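Some notes on the structure that comes next.
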There are 2 protein chains.
Amino acid sequence: MKTPEELVARFREQGYKVTPQRQLIFRLLNGNTAHPTAETLYEVAAQQMPGISLRTVYQTLSELSAMGEVQHIDLGSGAVRFDPNVDDHHHVVCSTCGVVHDVYVNQTPLQFEGDVEGFAVHSTRIVFSGECAQCAHLSA
Amino acid sequence: MKTPEELVARFREQGYKVTPQRQLIFRLLNGNTAHPTAETLYEVAAQQMPGISLRTVYQTLSELSAMGEVQHIDLGSGAVRFDPNVDDHHHVVCSTCGVVHDVYVNQTPLQFEGDVEGFAVHSTRIVFSGECAQCAHLSA
DNA sequence: TGCTAATCAACAAGTCGTGCTAACTAACAG
DNA sequence: CTGTTAGTTAGCACGACTTGTTGATTAGCA
Ligand SMILES: [Mn+2]
Ligand SMILES: [Mn+2]
Ligand SMILES: [Zn+2]
Ligand SMILES: [Zn+2]
């Protein structure tokens, strides 16, 4: 993701107003590796800006997503997660605690076999599920 | 997935009754490569058995899932899809028409890098997104 | 300064899936 | 064959997540 300052510039280019709410969300996303949901991002935002609405958080995330500055990741377990890391990367997910971490796979593009003549692959998403070190430690 | 006859036996073993509804769903899933949702499976079922309820379709799919006879696939776009193919395989999804096909990747297990010391991978899910041959043909 | 987008609260709606109840049906054990 | 009880159904509600709407207020920016 771009820096908060760059995002401010991009929003102005697009004719979007640069509000304190949007700037706060830019800052909260900057370097954020937690893969937060809109809800969890809202909770943090509300501490620094009481009165900000969940609606606004959703809206700003949608705008950022439409601009390609964040990606949204649906792991099929509850709410969509937002990711300011838009590099070509993948994820490991702990089935126990739900933590999500970035991983990089360098064998891509992957080869596959199947009844898919002429299919043009645009993107590949890989999710590794398992148990993180902390959860393994606790359950031992 | 097991054959309808084998599923009948498994259900009896588990103490589940073998109803016409369940048997119909077994048959509809047998060899089904469409990755249907509960809803689409219900629509087909209702043609052969008017009066069957969506509730029953959901319930039977849950039972089959709990027994490991089907897997459910959440592609993050609408309803969960059910897959009677429980082999180790992956999926290509057409972004245009939504069709899902099975693919097999033989480079697994995949190597990855990241800040994930001690993470124990239990499963890997790969989704290739793009455009199928039919959609490419139509848009050309 | 003024236009207008943005925000907010409040409420509704949509989708997907499950929970619950009450009545009826039918599978299967004895 | 019969009785028990699981299964099914309709109907309604609810829950999670997300978006739509409306109307009033605020504030960004030209
Ligand atoms: Mn990520
Ligand atoms: Mn499949
Ligand atoms: Zn964990
Ligand atoms: Zn297609």
Side-chain angles (χ1 to χ4, degrees), chain A residues 4-5 7-26 28 35-43 45-67 70-83 98, chain B residues 4-5 7-26 28 35-43 45-67 70-83 98:
Chain A
E5 294 73 28
L7 289 177
V8 164
R10 281 221 61 192
F11 265 55
R12 265 197 249 273
E13 284 169 22
Q14 306 276 320
Y16 293 140
K17 292 182 177 174
V18 175
T19 65
Q21 289 89 344
R22 285 174 172 164
Q23 288 177 283
L24 173 57
I25 294 167
F26 297 167
L28 293 181
H35 301 84
T37 64
E39 184 79 34
T40 57
L41 205 57
Y42 163 71
E43 286 165 11
Q47 290 175 10
Q48 299 186 35
M49 185 184 286
I52 192 174
S53 74
L54 177 57
R55 200 73 184 71
T56 297
V57 174
Y58 268 112
Q59 176 160 334
T60 302
L61 287 170
S62 293
E63 291 158 353
L64 287 168
S65 177
M67 294 166 67
V70 302
Q71 57 173 315
H72 56 314
I73 304 171
D74 192 326
L75 296 170
S77 53
V80 169
R81 291 164 171 274
F82 290 87
D83 193 348
Chain B
E5 293 72 29
L7 289 176
V8 164
R10 280 221 62 193
F11 265 55
R12 266 196 246 273
E13 284 169 23
Q14 306 275 322
Y16 293 141
K17 292 182 178 173
V18 176
T19 66
Q21 289 89 344
R22 285 174 172 163
Q23 288 177 284
L24 173 57
I25 294 168
F26 298 167
L28 293 180
H35 300 85
T37 64
E39 185 79 33
T40 58
L41 205 56
Y42 163 71
E43 286 165 12
Q47 290 175 13
Q48 299 188 34
M49 185 184 287
I52 192 172
S53 74
L54 177 57
R55 202 72 181 67
T56 296
V57 174
Y58 268 113
Q59 177 162 333
T60 302
L61 287 170
S62 294
E63 291 158 352
L64 287 167
S65 177
M67 292 166 67
V70 302
Q71 56 173 314
H72 56 313
I73 304 171
D74 192 327
L75 296 169
S77 54
V80 169
R81 290 163 170 275
F82 290 87
D83 193 347

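So you know, we letter chains A, B, ... as the sequences are listed, proteins then strands, and number each from 1. Since we're looking at a predicted model, the values are computed, not measured. Note: hydrogens, waters and symmetry copies are ignored here, and every other heavy atom, side chains too, is used.
- Using a 4.0 Å cut-off, some side-chain N or O of A:T19 falls inside it from OP1 or OP2 of C:dT7.
- Which of C:dT18, D:dC17, C:dC28 sits closest to the side chain of B:Y58 comes down to C:dT18.
- A sub-4.0 Å separation between OP1 or OP2 of C:dC8 and a side-chain N or O of A:Q21 is present.
- Residue A:R22 places at least one side-chain N or O under 4.0 Å from the OP1 or OP2 atom of C:dT7.
- A straight line from CE of B:M49 to C1' of C:dT25 spans 13 Å, rounded to a whole angstrom.
- Contact between the side-chain N/O atoms of B:R55 and the OP1/OP2 oxygens of C:dT18 is not found at any separation under 4.0 Å.
- In this structure, CG of B:L61 is placed 12 Å from P of D:dT8, rounded to the nearest angstrom.
- Checking B:Y16 against B:A79, the closest nucleotide of DNA chain C that is more toward the 5' end is the one next to B:A79.
- Atom-to-atom, CZ of B:R12 to P of D:dG7 comes out at 13 Å; the value is rounded to the nearest Å.
- Between A:T37 and A:T40, the side chains place a donor N or O and an acceptor N or O closer than 3.5 Å (distance only, hydrogens not considered).
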Applying side chain to side chain contact (heavy atoms under 4.5 Å, CB included) to A:I52 and A:Y42, what does each step give before you reach the verdict?
CA-CA 8 Å; A:I52 192 174; A:Y42 163 71; 4.2 Å; yes
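- Taking CG from B:L41 and CZ from B:R81, the interatomic distance works out to 12.0 Å, rounded to the nearest 0.5 Å.
- If you measure from atom CD1 of B:I52 to atom P of C:dT25, you get 17 Å, rounded to the nearest angstrom.
- With rounding to the nearest 0.5 Å, the separation of CD in A:E63 from OG1 in A:T56 is 9.5 Å.
- Nucleotide C:dC8 holds its C1' atom 12 Å from the CG atom of A:L54, rounded to whole Å.
- At whole-Å resolution of the value, CD in A:Q14 and C1' in C:dA5 are 15 Å apart.
- Taking side-chain N and O atoms only, A:T37 has no distance below 4.0 Å to OP1 or OP2 of D:dC17.
- Atom P of nucleotide C:dT18 and atom NE2 of B:H72 are separated by 8 Å, given to the nearest angstrom.
- DNA chain D is contacted by both B:K17 and B:P20; B:K17 maps to the nucleotide lying nearer its 5′ end (nearest heavy atom per residue).
- Per the geometry, CD belonging to A:Q59 stands 10 Å off C1' belonging to C:dA5, to the nearest Å.
- Within 4.0 Å (heavy atoms only), A:E39 reaches no atom of the nucleic acid at all.
- Taking the centre and axis of the six-membered ring of A:F11, the NZ or CZ atom of A:R22 falls outside the cone set by 45° and 6.0 Å.
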